[in-house]
Undergrad: 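Before anything else, here's the structure in question.
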Amino acid sequence: MVIDPVARRTDGESVRIAKDVLCAGAGAKICLPEGPEEFAQALARRGRRHPVVVGDDRALLRAVSLLHRERELAGVPLSMVPVGPPETVALSRALGVPTDAVAAARTVLDGGERPMDLLTDDSDGIVLGGLRIPCGDGAGGLPGYAAYGAPGEPAVHGATGGVAGYPGRAAAPGGAGADAADPGHRAWWKPAARTARTALSLLATPAAGGGRRGRVPAQRLRLRIEADGALLVDLDRPVRGVSVVPGAGDGGDGTDDPAGRPGGLAEVVVHWPGEERPIRVRARAVTVSGADFHYRADALVGGPVRTRTWTVQPGAWRLRLPRQE
């Protein structure tokens with residue numbers, strides 16, 4: 001059991017509850033890393049034990065990224081006990097992990113392993129739940145975890161660098177991609193933290209009845225977007241944004257199932273600046289090109305890049321989730 005330092009600082013009571021439940025139900029080795037190097041060492045020294053991550057979404061992403069970098073992800077089932085404010089565990093919730101400490105710990109003991117899709121990009125970065133462009137601006141912060149048009153809560157970020165959970169430390173390689181470090185992250189309790197209202201307004205879709213949510217004018221991005229080699233939009237037509245979510249199956253609209261569920265395809269949604277209906281397609285590979293752009297991949301920001309391709313990796317990792325009745 002690897003307990004992230006952010007979890008210990010922000011919600012020690014939930015951490016204690018998770019430890020008590022897990023230690024009562026199974027033999028557990030508890031690791032308390034103080035930095036990214038110790039986190040990586042704890043994961044590498046797991047032996048035959050199944051790793052359990054106690055922390056927020058960034059702790060989960062760190063664990064998955066390390067296993068992916070070592071090419072061990074497919075053979076190591078992961079368990080997650082989300083600890084943190086709601087906006088910091090939104091990815092875990094979207095993947096289907098209970099956010100209550102007791103329920104999550106019992107899922108570790110009694111749940112079942114399920115294969116999950118993810119996206120890999122051409123820089124060896126990974127995306128578990130979804131990515132979106134634009135990622136938000138420096139003044140307005142970053143959007144909460146949710147695809148365009150899906151309900152979500154704003155994430156809180158600030159203006160200083162460092163690795164999430166380890167203030168003052170530089171980002172280490174092997175995260176969710178070489179250029180996916182979040183230079184705008186700051187621990188949520190810092191007084192200078194800002195909300196993401198502006199970015200969330202930019203991402204809001206038309207409200208029911210034709211009205212629009214938010215007062216910020218829609219951005220106009222010049223992007224070339226291809227899905228499985230088919231051109232969806234070219235540079236001559238501006239877009240408001242694009243989102244890509246892995247785990248879309250061959251049928252249905254993909255909105256009722258948790259993100260990442262195995263389907264072998266990703267749902268690609270292209271939004272226009274006006275009220276025009278967005279384009280929705282399913283594809284195995286998506287390429288976005290244009291002038292230097294940033295993107296939000298789960299809880300991290302990547303870029304600037306001029307072109308990037310994301311490819312679905314079906315069933316590339318396993319996550320312990322509540323058993324389906």
Side-chain angles (χ1 to χ4, degrees), residues 1-2 4 18 21-22 25-26 28 43 46 48-84 88-120 125-131 145-147 150 152 176 244-267 282-284 297-299 310-325:
M1 180 166 51
V2 183
D4 191 72
V21 173
L22 291 174
L43 204 60
R46 66 187 180 277
R48 294 186 177 182
R49 302 180 184 89
H50 291 176
V52 179
V53 178
V54 180
D56 60 14
D57 291 341
R58 289 170 181 262
L60 173 63
L61 289 168
R62 189 179 301 116
V64 174
S65 298
L66 287 167
L67 293 172
H68 172 72
R69 185 178 64 181
E70 299 299 326
R71 299 298 183 258
E72 297 180 347
L73 183 59
V76 181
L78 278 170
S79 297
M80 177 70 180
V81 178
V83 174
T88 68
V89 296
L91 170 59
S92 299
R93 182 171 58 249
L95 293 172
V97 180
T99 54
D100 174 75
V102 174
R106 293 193 180 279
T107 297
V108 174
L109 299 173
D110 305 325
E113 296 173 11
R114 296 187 192 170
M116 309 286 282
D117 292 356
L118 57 75
L119 300 173
T120 57
I126 61 171
V127 183
L128 303 184
L131 68 92
Y145 178 82
V244 184
V245 178
D250 293 316
D253 58 9
T255 59
D256 294 332
D257 295 327
R261 291 297 174 86
L265 299 172
E267 184 180 43
R282 292 176 179 83
R284 289 180 173 81
D298 295 325
W310 290 273
T311 304
V312 178
Q313 305 297 333
W317 67 298
R318 289 179 289 160
L319 181 65
R320 189 172 287 272
L321 297 173
R323 295 185 182 274
Q324 294 178 331
E325 297 181 359

Undergrad: Taking CZ in Arg106 as the centre, count heavy atoms belonging to other residues, nucleotides or ligands within less than 6.0 Å. Is the count above 12?
TA: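 For Arg106, atom CZ is not crowded (no more than 12 foreign heavy atoms under 6.0 Å).
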
Undergrad: Are side-chain heavy atoms of Val312 and Leu118 found at a separation under 4.5 Å?
TA: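 Counting from C-beta outward, Val312 and Leu118 never come under 4.5 Å.
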
Undergrad: Determine whether Trp310 and Thr120 satisfy the following criterion, side chain to side chain contact (heavy atoms under 4.5 Å, CB included), listing intermediate values before the conclusion.
TA: CA-CA 5 Å; Trp310 290 273; Thr120 57; over 6 Å; no

Undergrad: Looking at residues at least two apart in the chain, or sitting in another chain, which of them share a side chain to side chain contact (heavy atoms under 4.5 Å, CB included) with Ala18?
TA: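 Residues passing side chain to side chain contact (heavy atoms under 4.5 Å, CB included) with Ala18: Val81.
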
Undergrad: Grab the two heavy atoms, one from Asp117 and one from Gly264, that are nearest each other, plus how far apart they are.
TA: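 Taking every non-hydrogen atom into account, OD2-N, 2.8 Å.
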
Undergrad: Measuring from Asp4:CG to Arg62:CZ, what's the distance to the nearest 0.5 Å?
TA: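 So the CG of Asp4 and the CZ of Arg62 are separated by 5.0 Å.
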
Undergrad: For the backbone of Gly111 and the side chain of Arg320, can you confirm whether one donor and one acceptor N or O come within less than 3.5 Å of each other?
TA: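 Flag set: sc Arg320 to bb Gly111 pair under 3.5 Å.
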
Undergrad: Hey, are the side chains of Pro77 and Leu319 touching, using non-hydrogen atoms and a 4.5 Å cut-off?
TA: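 Pro77 vs Leu319: side chains apart.
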
Undergrad: Just by modelled atom types, is the Ala90 backbone N or O under 3.5 Å from a matching donor or acceptor in the Asp57 side chain?
TA: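 Flag set: sc Asp57 to bb Ala90 pair under 3.5 Å.
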
Undergrad: Main chain of Val83, side chain of Asp56: is a donor-acceptor contact present, judged purely on distance under 3.5 Å?
TA: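 Flag not set: sc Asp56 to bb Val83 has no pair under 3.5 Å.
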
Undergrad: Do you know which two heavy atoms are closest between Leu43 and Pro51, and how far apart they sit?
TA: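 Nearest pair, atom of Leu43 first, then Pro51: CD1-CB, 3.8 Å.
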
Undergrad: Nearest 0.5 angstrom please: Leu67 CG to Leu78 CG, how far?
TA: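 Leu67 CG to Leu78 CG: 5.5 Å, rounded to 0.5 Å.
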
Undergrad: Could you check if a side-chain atom of Met1 sits within less than 4.5 angstrom of a side-chain atom of Val53, using non-hydrogen atoms only?
TA: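 No; the side chains remain at least 4.5 Å from each other.
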
Undergrad: Is the closest side-chain heavy-atom distance between Arg284 and Thr311 below 4.5 Å?
TA: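 Not touching, per the 4.5 Å side-chain cut-off.
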
Undergrad: Test your reading of the model: is there a side-chain donor-acceptor pair from Arg58 to the backbone of Ala299, 3.5 Å cut-off?
TA: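 Yes, Arg58 side chain to Ala299 backbone: donor-acceptor pair under 3.5 Å.
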
Undergrad: Hey, could you give me the CG/CD distance between Leu119 and Gln313, rounded to the nearest 0.5 Å?
TA: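 If we round to the nearest 0.5 Å, Leu119:CG and Gln313:CD are 8.5 Å apart.
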
Undergrad: Please walk me through it: do Val64 and Leu73 pass side chain to side chain contact (heavy atoms under 4.5 Å, CB included)?
TA: CA-CA 7 Å; Val64 174; Leu73 183 59; 3.8 Å; yes

Undergrad: What are the two closest non-hydrogen atoms of Pro322 and Gly96, and how far apart are they?
TA: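 Scanning both residues, the minimum pair turns out to be CD-O, 3.6 Å.
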
Undergrad: Backbone N or O of Leu128 within a donor-acceptor pair of the Asp298 side chain at under 3.5 Å?
TA: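 Between the backbone of Leu128 and the side chain of Asp298 there is a qualifying donor-acceptor contact (under 3.5 Å).
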
Undergrad: Give me the atom names and distance for the closest heavy-atom approach of Pro115 to Arg318.
TA: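 Nearest heavy atoms, Pro115 then Arg318: CA-CG, 4.1 Å.
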
Undergrad: To the closest 0.5 Å, what do you measure between CG (Leu131) and CD1 (Ile126)?
TA: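 These two atoms lie 12.5 Å from each other.
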
Undergrad: Give, for atom CE of Met80 and atom CG of Leu91, the distance between the pair rounded to the nearest 0.5 Å.
TA: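 Met80 atom CE to Leu91 atom CG measures 8.0 Å (nearest 0.5 Å).
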
Undergrad: Looking at Arg323 and Glu113, does any basic side-chain N land under 4.0 Å from a carboxylate oxygen?
TA: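 Looking at Arg323 and Glu113, the cut-off is not met.
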
Undergrad: Closest approach of Ala104 and Pro98, non-hydrogen atoms and distance?
TA: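 Shortest heavy-atom contact: CB-O, 3.4 Å.
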
Undergrad: Is the shortest side-chain heavy-atom distance between Leu109 and Val21 below 4.5 Å?
TA: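 Yes. Closest side-chain heavy atoms under 4.5 Å.
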
Undergrad: Answer whether the closest heavy-atom distance between the side chains of Thr107 and Ser79 falls below 4.5 Å.
TA: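 SC-SC contact between Thr107 and Ser79 ruled out.
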
